[in-house]
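The sequence lines fix the lettering, A, B, ..., with proteins before strands; numbering per chain opens at 1.
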Amino acid sequence: LFDRSVLDEELYEDLEMLLIQADVGWDVSQKLVAELRERVDRDRIKDPADAREILRQEMILLLEFATRNRKVKILQRGVPFVIMVVGVNGVGKTTSIAKLAAYHQRFGRSVMLAAGDTFRAAAIDQLSVWGERLKVPVIAHQQGADPGAVVFDAMQAAHARNIDVLIVDTAGRLHTKYNLMAELEKLRKIMRRHVETAPQEVLLVIDATTGQNGLIQAQEFAKSVDITDIMIAKLDGTAKGGIAFSVAKELGTPISYVGTGEKATDLAEFRPDTYVDSLFF
Amino acid sequence: SLSDRLNETFGRLSKKGRLTEEDVDGAMREVRRALLEADVNFKVTKDFVAAVRERAVGQDVLRSLTPAQTAIGIVNEELVRVLGNEREPLRVPDRPPQILLMVGLQGSGKTTHSGKLALHLRKEGRNPLLVAADVYRPAAVNQLQSLGKQINIPVYEEGTGRNPVDIAGNAVRFAIDRGHNPVIVDTAGRLQIDERLMQELVDIRDRIRPTEILLVADAMTGQEAVGVAQAFHDRLGVTGLVLTKMDGDARGGAALSIRAVTGVPIKFIGTGEKLDALEPFYPERLAGRILG
Ligand SMILES: Nc1nc2c(ncn2[C@@H]2O[C@H](COP(=O)(O)OP(=O)(O)OP(=O)(O)O)[C@@H](O)[C@H]2O)c(=O)[nH]1
Ligand SMILES: Nc1nc2c(ncn2[C@@H]2O[C@H](COP(=O)(O)OP(=O)(O)OP(=O)(O)O)[C@@H](O)[C@H]2O)c(=O)[nH]1
Ligand SMILES: [Mg+2]
Ligand SMILES: [Mg+2]
């Protein structure tokens with residue numbers, strides 16, 4: 001894109017196209033291009049390579065504005081660090097939990113999982129398979145049980161067995177379903193009764209293939225349960241997950257992880273510079 | 001909404017007196033913005049707006065007393081036209097059984113919609129067989145079995161040790177022996193760029209010769225919807241689209257993009273997690289939703 005000899009109008013048009021095609025969205029794409037145009041005019045930039053670097057920095061800054069909000073994660077001795085994973089249907093929550101379990105294990109922490117999705121067919125089985133593979137205990141009740149009861153049990157078990165990290169799986173739910181969103185807050189209250197600071201991490205998983213609805217998802221979930229971190233799953237596909245920019249800009253919620261495949265090792269920490277470079281630089 | 005924005009655009013202009021082509025351009029920018037915000041593909045939007053503009057300029061938006069309404073009317077008509085005016089039913093095979101192959105990206109709703117289609121077709125008096133050909137995802141076979149139990153429809157499975165191509169082939173023979181019709185084959189989610197897994201689908205197709213290859217796509221898919229659909233279509237010959245999770249508030253522009261570029265007809269809409277949450281596709285409804 002920037003390998004051209006002239007910095008002209010066509011460059012800005014192509015730029016807008018690439019941003020929109022990356023799901024950055026109309027609004028943020030317009031702003032990024034306008035900002036670049038302003039800097040180029042103000043500083044009399046002639047070389048497209050310089051324009052490229054300006055845009056790259058612009059985009060990294062946008063994401064860093066959110067990333068610097070990332071709360072420092074403090075693991076206290078004897079207090080389970082509780083991670084609650086939420087998001088709409090099919091985005092990759094359960095698989096991401098397996099990845100997070102493996103991730104924390106690599107730091108030498110003991111991990112436990114809670115099968116909080118008691119609704120979807122074989123959701124408990126799915127998480128249990130991951131638990132077996134990773135040699136991580138899974139607290140589960142029967143299909144159709146009250147998720148609150150599972151969470152209650154898991155909090156007790158985590159405390160009793162001195163678990164460092166407890167990861168709670170929840171059923172996929174559309175943010176448009178009021179009662180399902182209210183259930184998340186109820187689960188949080190149950191955790192808080194056991195551990196004041198729990199859940200210390202509330203992770204929203206967003207599918208990289210999601211378009212502009214991703215921003216609405218983030219906004220609505222944040223209203224119900226105070227999202228602390230975002231994970232973009234399925235970045236190994238062709239979708240770029242550009243909704244990350246709107247989420248960073250509008251919500252200031254840090255994007256902390258990315259999912260890059262279907263194995264337990266397919267998780268990486270999100271880095272604004274690496275991510276921006278992967279877009280089209 | 002778009003109609004609000006167009007009312008604003010034309011409202012300001014009509015104060016000046018006659019509308020000009022430049023004024024229509026302003027309106028077209030709003031149409032473009034609305035479509036992109038609804039996740040319609042960039043290139044599809046470009047072509048679509050060009051077609052609308054041509055009609056708008058030629059068709060009395062300039063002389064209309066209610067130019068915003070006339071423009072919206074044109075956009076709506078064009079959307080319905082592209083989405084497909086006629087509802088296309090599921091294809092009928094030359095000889096039974098009818099075989100439906102469910103394909104798509106990870107998490108789009110294939111397993112759930114395999115169950116929904118089975119229930120829907122049984123309500124029409126058929127005798128469906130579900131086939132568990134996803135041997136990769138943990139508990140995928142259990143998931144389909146659990147759905148089958150809910151609606152009392154048999155599920156053919158061979159665990160996770162067998163090759164999906166063989167499972168599918170054996171399932172069809174089983175269906176023929178037992179008189180099941182249709183056969184609905186659930187497959188693992190996969191990336192369209194995963195060569196090995198795309199080849200697996202080609203092998204399954206060649207083995208069972210499906211009557212329909214249904215691409216199951218999530219209504220909230222963004223710009224990549226076209227690339228994904230095109231790849232599945234080029235490799236397999238997709239015959240229908242199932243648009244899922246339409247009970248959310250995603251505008252669903254992906255459907256327009258997929259239809260415009262691949263010509264694949266939208267056959268069903270998924271509107272919930274329960275197995276009865278399946279609706280036929282109505283172009284006017286989807287057009288209204290995309291427009292916002
Ligand atoms: N390629 C790829 N696939 C992924 C990734 N993360 C998850 N998946 C796949 O996406 C599909 C859905 O994953 P799940 O973990 O079941 O998603 P979920 O959000 O728990 O789904 P529900 O509980 O039904 O809402 C599975 O096929 C996963 O293997 C990823 O990073 N890359
Ligand atoms: N709200 C809503 N949820 C849906 C719909 N269709 C499927 N789901 C949910 O979406 C999630 C994923 O559905 P699956 O059927 O497991 O998706 P899949 O394509 O088989 O996933 P993989 O096999 O991992 O690729 C589950 O939580 C389903 O209950 C729908 O129309 N509306
Ligand atoms: Mg899950
Ligand atoms: Mg499935």
Between B/Lys46 and A/Glu13 (salt bridge meaning N to carboxylate O under 4.0 Å), is one present in this structure?
no

Side chain, backbone, both or neither: which part of [X] has a heavy atom under 4.5 Å from chain A?
| X | answer |
| --- | --- |
| B/Glu273 | side chain |
| B/Arg251 | neither |
| B/Leu36 | both |
| B/Asp247 | both |

Heavy-atom distance under 4.5 Å between the side chains of B/Met220 and A/Val91, does that happen here?
yes

Checking heavy atoms, do the side chain of [X], its backbone, both or neither come under 4.5 Å from chain B?
| X | value |
| --- | --- |
| A/Glu262 | side chain |
| A/Lys240 | neither |
| A/Ile20 | both |

Minimum heavy-atom distance between B/Gln192 and A/Thr238, given as atom pair plus value:
NE2-OG1, 3.0 Å

On a heavy-atom basis, which atom in B/Lys43 and which in A/Gln21 lie closest, and how many Å separate them?
NZ-NE2, 3.8 Å

Report the C-alpha distance between A/Thr209 and B/Asp218 in whole Å, list the side-chain angles of each, state the deciding distance to 0.1 Å, and finish with yes or no for side-chain contact (heavy atoms from CB on, under 4.5 Å).
CA-CA 9 Å; A/Thr209 66; B/Asp218 197 320; 5.9 Å; no

Working note: A/Asp23 + B/Gln223, criterion side-chain contact (heavy atoms from CB on, under 4.5 Å); need CA distance, chi angles, decisive distance, verdict.
CA-CA 6 Å; A/Asp23 286 316; B/Gln223 293 287 315; 3.2 Å; yes

Could you check B/Asp249 against A/Asn213 for side chain to side chain donor-acceptor pair (under 3.5 Å), going step by step and ending with a plain yes or no?
CA-CA 7 Å; B/Asp249 56 3; A/Asn213 196 253; 2.8 Å; yes

Per-residue contacts, residues 117-130 of chain A versus chain B, heavy atoms under 4.5 Å:
A/Phe119, A/Arg120, A/Ala121, A/Ala122, A/Asp125, A/Gln126, A/Val129, A/Trp130

